[in-house]
Amino acid sequence: MSLATEAPGEERSIVVTGEWQTVHRVVLPTDGDADTLPLYVDFNAAQRVSDDSESKAGSNLPAVATAGTNIRTDFLDNRRQLHLPAYRRVSFGTYFNAFPASYWRAHTDVSGVRLTVDVDAPATVVIYRSTARGTSNRVESISVDAGTPADVVLPLANFGDGGWYWFDLIAGSETVKLTGAEWSVRKPEGFVPGTATVAVTTFNRPDYCVKHLTTFAESSELLEVVDRLLITDQGTQKVRDQDGYAEAAARLGDKFAIIEQGNLGGSGGFARGMHETVEDGRSKYVLLLDDDVIIETEGVLRAINFADFTRKPTIVGGHMFNLYERSVMHTFGEEINEYKFFWGAVESTREGHDFSASNLRTTPWMHRRIDVDFNGWWMCLVPTSIVREIGLSLPVFIKWDDAEYGIRARRHGYQTVTLPGAAVWHMPWTEKDDTIDWQAYFHQRNRWLAALVYSPYKKGGILPRMSFMVDVKHLLSMQYSAVELRLDALEDLLKGPSHLHETIKTKLPEIRARRAEFDDARITKEVSGFPQVKRVKPPRRGKKPTAPKSILNALATAATAGIRQVQGVRPGALEHPEALVPAMDARWWRLSQLDSAIVSSADGSGAAWYKRQPEQFRTMMARSLKLHQQLLRDWDKLSKVYAEALPQFTSPEAWKQTFDAMTEKPAEQTPEQK
């Protein structure tokens with residue numbers, strides 16, 4: 001073993017005791033997918049060098065590029081091995097294979113990490129580290145050969161604000177195979193590794209659930225740390241009826257269980273998973289996992305390994321990649337702006353980052369450690385000790401359950417970490433607009449609910465003003481169904497917390513029925529079925545409306561549009577739409593200039609005929625103003641009521657009553673399962 005040297009001013013040796021625990025293995029995509037390969041291997045460093053280069057076998061100098069490189073899936077041998085032709089170079093300074101040193105430095109007592117690299121022929125391993133600013137420093141270069149693996153202990157002391165470790169592999173004068181590489185840390189005295197129950201909630205996605213069963217059944221490493229995979233099936237298309245279910249379930253045996261209950265939304269499904277895991281008593285963690293994701297199994301192992309070493313119980317979440325753009329990450333970490341009381345990407349990060357365009361080594365902002373307020377429940381590991389102390393999910397059906405839980409945990413002294421290298425691929429919602437469909441109710445009510453309990457600002461900061469302005473924008477856009485649901489949400493909020501459990505099983509059908517009464521909510525799949533477009537009044541000077549360029553311009557535009565809303569509709573506008581408006585152009589400053597329009601849905605599945613209704617506008621505007629005034633007036637009282645009731649309506653006892661009312665008769669087991 002050798003001790004790595006570091007950049008000037010850093011520690012040159014560390015003292016560690018105890019046995020090693022592997023916490024982060026170098027892995028490769030199982031299917032050789034070229035779209036995901038940039039997340040695992042960086043071929044921008046896979047350089048071909050001339051025969052007289054100093055970087056031949058035995059040299060400690062980096063290779064010199066003499067030719068361009070391409071992504072090479074043919075270099076991959078299996079899940080953990082690849083081969084490099086002579087004088088080629090590849091970097092593992094990638095999302096899945098670099099070691100997130102700063103996160104281990106910040107949240108554990110681990111003082112050093114050990115890198116082990118095995119090859120079958122002479123090669124060079126060059127180790128790098130980065131700083132929080134994203135600058136790259138070479139740490140050490142090691143000559144390795146078959147039977148003499150690189151074995152280096154690297155200190156974590158200087159990773160306070162950020163930074164990663166990684167290595168490059170350079171082939172010598174012959175083809176070299178990487179037979180394995182891993183990062184490990186010392187176990188503390190009395191170390192006992194934890195196990196997890198994986199809790200999946202699903203609604204009518206039985207095919208994805210069977211894929212989960214298969215993925216877990218085929219991963220012996222996962223089965224070593226998973227007590228059971230628990231699926232809460234809330235749909236009408238039963239998982240047990242899906243092709244392949246019986247075989248996959250039989251392979252898992254007693255490591256699999258399924259519960260069928262009425263639809264309580266994501267919060268009800270995940271609350272059930274939390275509750276069952278705590279009641280079962282075997283698992284140290286419950287891993288909340290969406291049904292419509294593809295799992296990187298190594299990420300699950302890393303989340304559990306990391307949680308085992310944190311100083312105190314910590315919620316460990318994974319990142320979300322786009323299922324349709326495999327190299328694109330949703331966000332690197334999320335936080336709550338408490339003044340607006342709204343979630344969003346951590347300020348120093350970027351949304352929708354594409355690793356195929358800019359890999360980890362060339363993305364400076366990604367090297368700064370990100371501290372988050374919560375992690376989405378597409379993949380989130382929660383210690384059962386935290387669940388026992390702070391309760392289950394909010395009974396809110398969907399939206400804000402994961403964000404609120406992160407805030408609640410923080411109030412009790414527990415952190416959430418979004419751990420790089422742990423991730424899933426999830427169906428994106430970027431091609432949808434769930435703020436104007438049936439989910440508008442839950443967006444509105446649950447955001448206000450969380451703000452009432454947690455906002456540190458008087459009367460919720462800017463939230464009430466923003467909420468009213470959103471109603472105005474929807475009304476100017478003829479999106480009356482969204483405003484109706486948003487106002488219903490505020491009215492329910494004023495009823496107090498007792499309505500949460502009382503209505504969780506009935507609210508969705510009520511919302512759908514209420515929304516169906518409005519023209520803007522009636523989606524027609526065939527646009528040709530609408531009457532012909534006839535513009536009654538041409539745009540001023542032949543120019544289409546454009547986005548306001550300033551706040552004053554926006555206010556003036558809104559005021560003018562507001563006056564139009566209470567005036568009569570132009571003759572003929574209700575018989576023939578005035579325009580076809582694509583979803584991406586359906587903005588208030590454009591729609592407010594029309595009396596009717598065919599507006600396509602965000603997912604491209606159809607369109608709705610928006611029609612201006614002056615009386616509806618006046619009634620809803622007055623109702624919105626009245627409700628927002630009432631909420632402001634009653635803010636302090638409501639805040640106290642919801643905050644005091646929070647432990648009760650998130651308690652296992654309250655949830656159990658709801659579960660009992662919604663649990664269906666268990667599915668009959670197959671002979672194989674028996």
Side-chain angles (χ1 to χ4, degrees), residues 22 25 27-33 36 78-81 193-235 237-261 269-270 272-274 276-277 279-305 318 323 378-381 422-427 663-674:
T22 299
R25 299 181 306 175
V27 292
L28 301 164
T30 54
D31 54 2
D33 184 357
T36 62
N78 55 44
R79 177 68 164 155
R80 299 199 62 206
Q81 298 180 343
T195 57
T197 290
V198 179
V200 178
T201 182
T202 187
F203 181 82
N204 289 351
R205 290 195 179 104
D207 51 341
Y208 275 93
C209 290
V210 171
K211 288 179 182 177
H212 280 343
L213 293 176
T214 303
T215 297
F216 279 84
E218 292 177 348
S219 175
S220 58
E221 295 92 347
L222 277 185
L223 293 181
E224 288 179 4
V225 298
V226 170
D227 294 312
R228 63 175 177 167
L229 170 61
L230 175 64
I231 293 179
T232 301
D233 188 354
Q234 303 184 126
Q237 300 171 25
K238 297 301 182 186
V239 175
R240 56 182 159 85
D241 295 331
Q242 179 68 23
D243 291 344
Y245 166 78
E247 179 185 355
R251 291 175 65 186
L252 285 171
D254 60 4
K255 282 188 176 285
F256 170 66
I258 189 167
I259 294 172
E260 294 179 355
Q261 67 179 26
F270 285 129
R272 187 65 182 264
M274 291 176 170
E276 296 292 333
T277 302
E279 288 289 295
D280 181 65
R282 286 180 291 172
S283 301
K284 186 176 181 180
Y285 310 107
V286 54
L287 176 64
L288 307 179
L289 194 67
D290 262 344
D291 55 355
D292 55 346
V293 298
I294 293 178
I295 307 164
E296 168 48 80
T297 56
E298 187 68 19
V300 175
L301 297 174
R302 291 172 184 176
I304 295 173
N305 286 328
L323 189 61
W378 47 75
M379 175 188 173
C380 193
L381 187 81
V424 295
W425 286 269
H426 188 284
M427 285 186 174
T663 301
E664 301 176 14
K665 184 179 179 181
E668 218 176 316
Q669 288 184 313
T670 64
E672 291 85 357
Q673 288 175 282
K674 290 177 180 179

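Sequential numbering from 1 along the given sequence is applied to the chain's residues. In this text the structure is predicted, and so the values were computed from the model without any measurement.
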*For Arg79, which residues count as a side chain to side chain contact (heavy atoms under 4.5 Å, CB included) partner, sequence neighbours excluded?*
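With neighbours one apart ignored, the set is Val27, Thr30, Tyr40, Glu296, Thr297, Glu298.
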*Taking side chain to side chain contact (heavy atoms under 4.5 Å, CB included) as the test, write out the residues that go with Gln81, two or more places apart.*
Asp77, Asn78, Lys177, Thr179
For [X] and [Y], which heavy atoms make the closest approach, and how far apart are they?
{"X": "Met427", "Y": "Tyr208", "answer": "CE-OH, 2.9 Å"}
{"X": "Pro206", "Y": "Lys238", "answer": "CB-O, 3.8 Å"}
{"X": "Gly299", "Y": "Ala422", "answer": "O-CB, 3.5 Å"}
{"X": "Leu213", "Y": "Ala248", "answer": "CB-CB, 3.7 Å"}
{"X": "Ala303", "Y": "Leu381", "answer": "O-CD2, 3.5 Å"}

To the nearest 0.5 Å, tell me how far [X] [atom1] sits from [Y] [atom2].
{"X": "Cys209", "Y": "Ile258", "atom1": "SG", "atom2": "CD1", "result": "7.0 Å"}
{"X": "Leu230", "Y": "Lys255", "atom1": "CG", "atom2": "NZ", "result": "13.5 Å"}
{"X": "Thr195", "Y": "Ile304", "atom1": "OG1", "atom2": "CD1", "result": "8.0 Å"}

*Please check if atom CG in Asp254 has more than 12 non-hydrogen atoms from other residues, nucleotides or ligands closer than 6.0 Å.*
no
*asked:* Within a 6.0 Å radius of atom CD on Glu247, are there more than 12 heavy atoms belonging to other residues, nucleotides or ligands?
replied: no
List, one per line, each side-chain donor-acceptor pair under 3.5 Å for residues 282-294, sequence neighbours excluded.
{"residue": "Arg282", "atom": "NE", "partner": "Asp280", "partner atom": "OD2", "Å": "2.7"}
{"residue": "Arg282", "atom": "NH2", "partner": "Asp280", "partner atom": "OD2", "Å": "3.4"}
{"residue": "Ser283", "atom": "OG", "partner": "Thr197", "partner atom": "N", "Å": "3.3"}
{"residue": "Ser283", "atom": "OG", "partner": "Thr197", "partner atom": "OG1", "Å": "2.7"}
{"residue": "Ser283", "atom": "OG", "partner": "Asp227", "partner atom": "OD2", "Å": "2.5"}
{"residue": "Tyr285", "atom": "OH", "partner": "Ala307", "partner atom": "O", "Å": "3.4"}
{"residue": "Tyr285", "atom": "OH", "partner": "Asp308", "partner atom": "N", "Å": "3.3"}
{"residue": "Tyr285", "atom": "OH", "partner": "Asp308", "partner atom": "OD1", "Å": "2.7"}
{"residue": "Asp290", "atom": "OD2", "partner": "His426", "partner atom": "NE2", "Å": "2.9"}
{"residue": "Asp291", "atom": "OD1", "partner": "Arg205", "partner atom": "NH1", "Å": "3.3"}
{"residue": "Asp291", "atom": "OD2", "partner": "Thr202", "partner atom": "OG1", "Å": "2.8"}
{"residue": "Asp292", "atom": "OD1", "partner": "His426", "partner atom": "NE2", "Å": "3.3"}

*Let me see the working for Met379 and Val300 under side-chain contact (heavy atoms from CB on, under 4.5 Å), right down to the final yes or no.*
CA-CA 9 Å; Met379 175 188 173; Val300 175; 4.3 Å; yes
*Just by distance, do the side chain of Asn204 and the backbone of Gln237 share a donor-acceptor pair under 3.5 Å?*
yes
*Is there a donor-acceptor pair closer than 3.5 Å between any side-chain N or O of Arg272 and the backbone N or O of Ile231?*
no
*Under the side-chain contact (heavy atoms from CB on, under 4.5 Å) criterion, do Trp425 and Thr36 qualify, and how do the steps go?*
CA-CA 10 Å; Trp425 286 269; Thr36 62; 3.9 Å; yes
*Would you say the side chain of Asp243 lies within less than 4.5 Å of the side chain of Val210, judging by non-hydrogen atoms?*
no
*Just wondering, do Arg240 and Asp233 contact through their side chains at under 4.5 Å, heavy atoms?*
no
